[in-house]
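These notes are about the structure you will find just below.
For clarity, every value in this text was computed on a predicted model and none was experimentally measured. Reminder, nothing fancy here: chain letters follow the sequence lines and each chain counts from 1.
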There are 2 protein chains.
Amino acid sequence: MTELRVRRARIADVAREAGVSKAAVSFAFNSPERLSAETVTRIHEVATALEYRPHPVARMLTARQTTTVGVLSPQALPQVFANPFFALFAEGVAAVTEERGFGLLFISPLHGSLARAVGRATVDGMVVVGLDESHPEVEVIRRAGLPMVLVDAPAWPEHGAVEIDDHGGARSAAQHLVDLGHRDVLVVAIEPPVPGGNRAMSVSGRRLAGYRAVLEAAGILLGPERIVAGPATFDGGEAALLRAWEDGLRPTAALAMSDAMAVGVLQAARHLGLRVPEHLSVVGFDDLPISRFTDPPLTTVHQPVRLKGEEAARLLLATLATGQAGAATHRLLETRLVVRRSTAAPPRTRGQEVVGHD
Amino acid sequence: MTELRVRRARIADVAREAGVSKAAVSFAFNSPERLSAETVTRIHEVATALEYRPHPVARMLTARQTTTVGVLSPQALPQVFANPFFALFAEGVAAVTEERGFGLLFISPLHGSLARAVGRATVDGMVVVGLDESHPEVEVIRRAGLPMVLVDAPAWPEHGAVEIDDHGGARSAAQHLVDLGHRDVLVVAIEPPVPGGNRAMSVSGRRLAGYRAVLEAAGILLGPERIVAGPATFDGGEAALLRAWEDGLRPTAALAMSDAMAVGVLQAARHLGLRVPEHLSVVGFDDLPISRFTDPPLTTVHQPVRLKGEEAARLLLATLATGQAGAATHRLLETRLVVRRSTAAPPRTRGQEVVGHD
DNA sequence: AGGTTTGCGTAAACCGGTTTGCTAAACCGG
DNA sequence: CCGGTTTAGCAAACCGGTTTACGCAAACCT
């Protein structure tokens, strides 16, 4: 048992020891030109001898800035980190915050209350991901006077926003399947993270609308039984296909709203003895790094996830620097279909008899 | 252009408006029983009308605690998030910090200097991952008087530590291959993140020692040309096998120090027309969630990564709570080999002629 | 009536820094 | 030798809260 809390030296200790005022010590570090050279060195000597380090919290208080940005997401933190999409997004955010010398604080629903967590967060601004205006938290942040950038949420005039064309991306995925001749398609949807969320305006809602537009234009009906939802994880995707199969569905293709889920679908397909793409075509969404490494490599809708993080951070830091929300703070990033090897024309014969092939 | 920085109400504003002292306002929130009921409600009313929220930084200063823990790693943040191992570890840390109401701050080498970053970090303690005692930063943290828990680093008597049996895990992986009859093995090693690091004591060094012990006991020489290193990523693993192949090596098995690298090896093998496990056996390390979903599912050394994060966080919070480092703060977690389907006996015939099979 | 307790609030010190005047001494040219 | 400008450093205010010590009136005793 060792006592850990060694009383750390304060500025007053250094001042006393060096025989100067607190102000002098502060100057010695922050504007040494205001002091004579020898005084500065003496103070520095004393400071190092005492192992003095300015207290970061005290500094934050007077500087009235924290040099830290927050990343706010509606899910609990463990779920956030379990999501490879988010890891990639965080990668982008971190790249620019780090380069600019900002810290990164993850904010999550503290004991269920995002609002409380926001109030406690010592950040200069926030990147808010996956929360639309229907969430009360957003209002809390605005009230707190914190600049913020919204990601994947309908734009809010006075705040920055970074979005992608979910609808278009989803359309291109569906169109690809239709072009290949598929008519029996399963949608593997992302469960909205927060039940209270406005479904229609969520990422999930927008992608579904895109799928539906193309499918219905091709005369394919997308009944609710053909839409199976789960968390955006490997397991979520695996469970989704398995469940659909148990329910008697025999689709020739699956449209997954995330690559993580698509990987799970691949696994479930193997488990069911279905070959991809011969028996089942799979299309993902996101184009995560992992998607190049699956077997077969995944056909998916690319979105620049890392760039999204970078742009969000850049927008936020720009806002922080100017103290104003610029006019051109709304970025819409592109999506595009990347065709790899998990999609092909549907099998000539339908459903059943493929079981047990392998 | 909207002005964002609305001047937020301070405690003095509320006090003036409610016709009471600052102290009264503080009491109204923190110990309302000291005030009469009607005064409390009046203060609350004024506070909500003014949208008053106590300034978190000021509170930190007086409370002399931040209710935040830091996670310190030697790599740059983007690399950290790109590493699925780390995401899983963070998941564990986050699970317990979140439950206990602590924030999570990621600390990385600010402009190259970890030491400076540490000095700036407003945390009550740190989880330090992948830094051994040879790193000067560790000394900085100690000097700062911050409690810390070291992960994957040789134990430091007065600090908590969480480790796994890297040597034993590596041995079991190598033994598995030896038992299958492999004699020509490639080691796909993790590049030490920091060049200055003490190689021998790093995770990489410990695992290598484990491989080597078993291999040499079986009379298999592990020359330096059979050890190829890279970053612990998909691409790192892919590049590693490709490079070895180019150099003329034709191993029948690969021992990867991380699952991420193993996935890359799988991909490279496909690219080279090698079937796994018929032509090449692959063993990973970590047992990440993804490893169940690769094709074939990966034989790997399981380590409880998420639990590691949880334990580290628990140890740290316990230290924080008691203000002392307890005696039993050193946890050694178990590893075990998980045999899936990426390993088999080596092909009868050696090397060359398998090329172009597929 | 006089002394004590209780309830309610306040003033001031404090957390650990930064910043703004301001003063005293050194320096300068005339 | 004098008035004016630098230079070096200090005291005090400030950032925005919390906490301690105390004042004062009304209520409670005997």
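Rounding to the nearest 0.5 Å gives a distance of 12.5 Å between CZ of Arg8(A) and CG of Leu50(A). The CZ atom of Arg306(A) lies 12.0 Å from the CD atom of Glu311(A); values are rounded to the nearest 0.5 Å. Asp124(A) CG to Met148(A) CE: the interatomic distance, rounded to the nearest 0.5 Å, is 15.0 Å.
Across the interface with DNA chain D, nearest-nucleotide mapping of Thr62(A) and Gly19(A) shows Gly19(A) to be the residue nearer the 5′ end. When the nearest nucleotides of DNA chain C are assigned to Ala37(B) and Lys22(A) by heavy-atom distance, the more 5′-ward of the two goes with Ala37(B).
Judged by distance alone, the side chain of Gln75(B) and the main-chain N or O of Val80(B) form no donor-acceptor pair under 3.5 Å. Listed for the Thr39(A) side chain is no donor-acceptor partner under 3.5 Å among the backbone atoms of Leu35(A). With hydrogens and angles disregarded, no donor-acceptor distance shorter than 3.5 Å links the side chain of Asp13(B) to the backbone of Ala9(B). Looking at Ser113(A), its side chain does come within 3.5 Å of a backbone N or O of Arg116(A) through a donor-acceptor pair. Distance alone, capped at 3.5 Å, is enough to place a donor-acceptor pair between the Thr68(B) side chain and the Thr66(B) backbone.
As judged by a 4.0 angstrom heavy-atom cut-off over every strand, Ser21(A) is placed among the base-contacting residues. Counting any heavy atom pair closer than 4.0 Å across all strands shown, Val20(A) reaches sugar-phosphate atoms only and no base atom. Using a 4.0 Å heavy-atom distance criterion, Ala23(A) is classed as a base contact.
Paired runs in DNA chain C that reach 3 or more consecutive Watson-Crick or G-U pairs, where each pair keeps both distances under 3.5 Å, cover C:1-30 with D:1-30.
Contacts between residues 43-61 of chain B and DNA chain D, defined by a heavy-atom separation below 4.0 Å, involve Tyr52(B), Arg53(B), Pro54(B), His55(B), Ala58(B), Arg59(B), Leu61(B), listed by number.
Computed from coordinates, the Phe29(A) CZ to dT19(C) P distance equals 15 Å when rounded to whole Å. A straight line from CG of Leu35(A) to C1' of dT19(C) spans 14 Å, rounded to a whole angstrom.
When ring centroids are compared, Phe81(A) and Phe89(B) stay outside the 6.0 Å threshold.
Taking the charged nitrogens against the carboxylate oxygens, Glu45(A) and Arg42(A) have no contact shorter than 4.0 Å, which rules out a salt bridge.
Of all nucleotides in DNA chain D having an atom under 4.0 Å from a heavy atom of chain B, the first and last in 5' to 3' order are dG16(D) to dA21(D).
Ring geometry, Tyr52(A) versus Phe29(A): the interplanar angle falls from 30° to 60°, so the pair is classed tilted.
Ser26(A) has a side-chain polar atom (N or O) that falls below the 4.0 Å cut-off from OP1 or OP2 of dT18(C).
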